[in-house]
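Since we're looking at a predicted model, the values are computed, not measured. In each ligand, atom 1 is the first atom listed, and ligand 1 is the first ligand listed.
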Amino acid sequence: AKQEGKNDVRTFSAPMAEEASERAELERDLREALGQQAFTLHYQPQVDLDTGTLRGFEALLRWQHPVQGAVPPAKFIPVAEESGLIVPLGTWVLREACRQAAAWQRRQPGVTVSVNVSPVQFNKQHFTATVREALDAAGLPARCLVLELTERTVLQDVAAATRQLERLRALGVRISLDDFGTGQSSLGLLRHIPIDDLKIDRSFLPQPGDTAPAQRKASALIATLITLGQALQLHVVGEGVETGEQRDLLAGLGCPAAQGYHLGRPMPAAQAEALLTPAQAP
Ligand code: C2E
Ligand code: CA
Ligand code: CA
Ligand code: CA
């Protein structure tokens, strides 16, 4: 297959060839960056809408490229997935996020960290062992780790994914279905896969520029998704909350938790730490 790929390059148009060499360069730089600790994690708050308190953070990967500066995950994650580099990179993310969350337990016991898992990582036989090792090395209680997966990850082989999810849940970690509603077969999937949390994609939120009818439709859809999640006893998290109106809408509909720029941007660990809320003395 590798050989075929190489021959294909010759028939590429000029812009395609340019794109291919850009990818090859990015892959080489990624490989180098892995060896040089050029990655960091930023942490975005997940807030309890009832109490306004911090529930946990989503860990988001950041790469500072020596020449290009900050490269967005949307650009380098696909390259890391195609090259298989996402496996060692993802393991680093898990270990680092668990280490950080364990250090934060002293300040706020129970604070969670959510880690994004690529299908390439998830489909490896040893993924459960990798997760257990990360928890053990950090000394983090399993219930404080949330693994975020998308439908794309689960759909490749629902039966195999279900077995993998059951092994992971047996460790005690939580499973969250990310970007819910954007995939192909969202509803049917919920019947089969064992999950704990549902993250409603931000594309469902009414936007300030929307017409009144569009806002009403978006609100009706959001309300239905929250009800759906609650009927299935899932913990619902609203994503991409950018305004106070969106926050109030979710809170009013009984959505238990949310995340978004309005509630807190992704930030370095040192800044995130300042948001931890120590348990009140009795
Ligand atoms: P995601 O998992 O859906 O993460 C949420 C993305 O939305 C993040 O983008 C976050 O910065 C952004 N975001 C948060 N609040 C808001 C908001 O209010 N408005 C808007 N417009 N955006 C908001 P980011 O950090 O660029 O990450 C993009 C995607 O890259 C993530 O989407 C996730 O799929 C992937 N990713 C990030 N870190 C990792 C990682 O460690 N491993 C893997 N496999 N994928 C990752
Ligand atoms: Ca996510
Ligand atoms: Ca998401
Ligand atoms: Ca997304």
## Note on the structure
ring-ring contact (aromatic ring centres under 6.0 Å, His included) filter on H65, not counting sequence neighbours, yields W63
### Query
Quick one: are H42 and F57 in side-chain contact, heavy atoms under 4.5 Å?
no
### Message
Whether the side chain of Q108 engages the backbone of L54 through a donor-acceptor N/O pair (distance < 3.5 Å, no angle test) should be reported.
### Response
yes
### Query
With backbone taken as N, CA, C and O and side chain as the heavy atoms from C-beta onward, which portion of R265 lies under 4.0 Å from ligand 1: side chain, backbone, both, or neither?
neither
### Query
Is the shortest N/O to N/O distance between H262 and ligand 1 below 3.5 Å?
no
### Query
Where's the contact between D179 and ligand 1, heavy-atom distance under 4.0 Å: side chain, backbone, both or neither?
side chain
### Query
Counting each atom of ligand 1 from 1 as listed, which ones have a heavy atom of G240 under 4.0 Å away?
17 (C), 18 (O)
## Note on the structure
So side-chain hydrogen bond (donor to acceptor under 3.5 Å, both in side chains) across residues 75-89, not counting sequence neighbours, yields R23-E82, E81-S118, E81-R152
#### Entry: Which atom of A223 lies closest to which atom of L253, heavy atoms considered
CB-CD2, 3.7 Å
### Query
Pick from T91, L94, V115, D136: which one makes a side chain to side chain contact (heavy atoms under 4.5 Å, CB included) with V131?
L94
#### Entry: Atom indices of ligand 1 within 4.0 angstrom of E58 heavy atoms, with elements
2 (O), 4 (O)
### Query
Do you know the tightest heavy-atom contact between T162 and P194?
CG2-CD, 3.8 Å
## Note on the structure
Under 4.0 Å from one or more heavy atoms of V93, ligand 1 contributes atoms 41 (O)
### Message
Any atom of ligand 1 sitting under 4.0 Å from a heavy atom of E81?
### Response
no
### Task
Enumerate the protein N/O/S atoms at a distance below 3.0 Å from the Ca ion (ligand 2), ignoring waters.
E58 OE2, N116 OD1, E148 OE1, D178 OD2
### Summary
The residue among R265, Q259, E58 that forms side chain to side chain donor-acceptor pair (under 3.5 Å) with Q44 is Q259
#### Entry: For the student: nearest non-hydrogen atoms of A101 and V113, plus distance
CB-CG1, 3.6 Å
### Query
Taking E96 for the side chain and W92 for the main chain, is one N or O donor matched with an acceptor at less than 3.5 Å?
no
### Task
Tell me which part of Q259 gets within contact of ligand 1: side chain, backbone, both or neither, using heavy atoms under 4.0 Å.
neither
### Query
Out of F39, Y261, F122, whose heavy atom sits nearest atom 12 (C) of ligand 1?
Y261
### Message
Just to check, does H42 reach to within less than 4.0 Å of ligand 1 when the distance is taken from its heavy atoms?
### Response
no
### Task
With heavy atoms of E239 as the reference, note each atom of ligand 1 found under 4.0 Å away.
3 (O)
### Task
Please determine if D210 and K217 form a salt bridge, counting it only when a charged side-chain N lies under 4.0 Å from a carboxylate O.
no
### Message
Any nitrogen or oxygen of D178, side chain or backbone, less than 3.5 Å from one on ligand 1?
### Response
yes
### Query
Do D48 side-chain atoms and T51 backbone N/O form a donor-acceptor pair below 3.5 Å?
yes
### Query
Which residues satisfy the salt bridge (charged side-chain N to carboxylate O under 4.0 Å, His left out) test with R55, sequence neighbours excluded?
D197
### Query
Minimum heavy-atom separation for A258 to V241, with atom names?
CB-CG2, 3.9 Å
#### Entry: Which segment of Q44 sits under 4.0 Å of ligand 1 when only heavy atoms are counted
side chain
### For ligand 1, the portion of L61 having any non-hydrogen atom under 4.0 Å away
both
#### Entry: Contact atoms of ligand 1, heavy-atom distance to P266 under 4.0 Å
11 (O)
### Task
Determine whether the side chain, the backbone, both or neither of S118 has a heavy atom under 4.0 Å from any heavy atom of ligand 1.
both
### Task
Between A80, S203, P73, flag the one that comes closest to atom 30 (O) of ligand 1 by a heavy atom.
P73
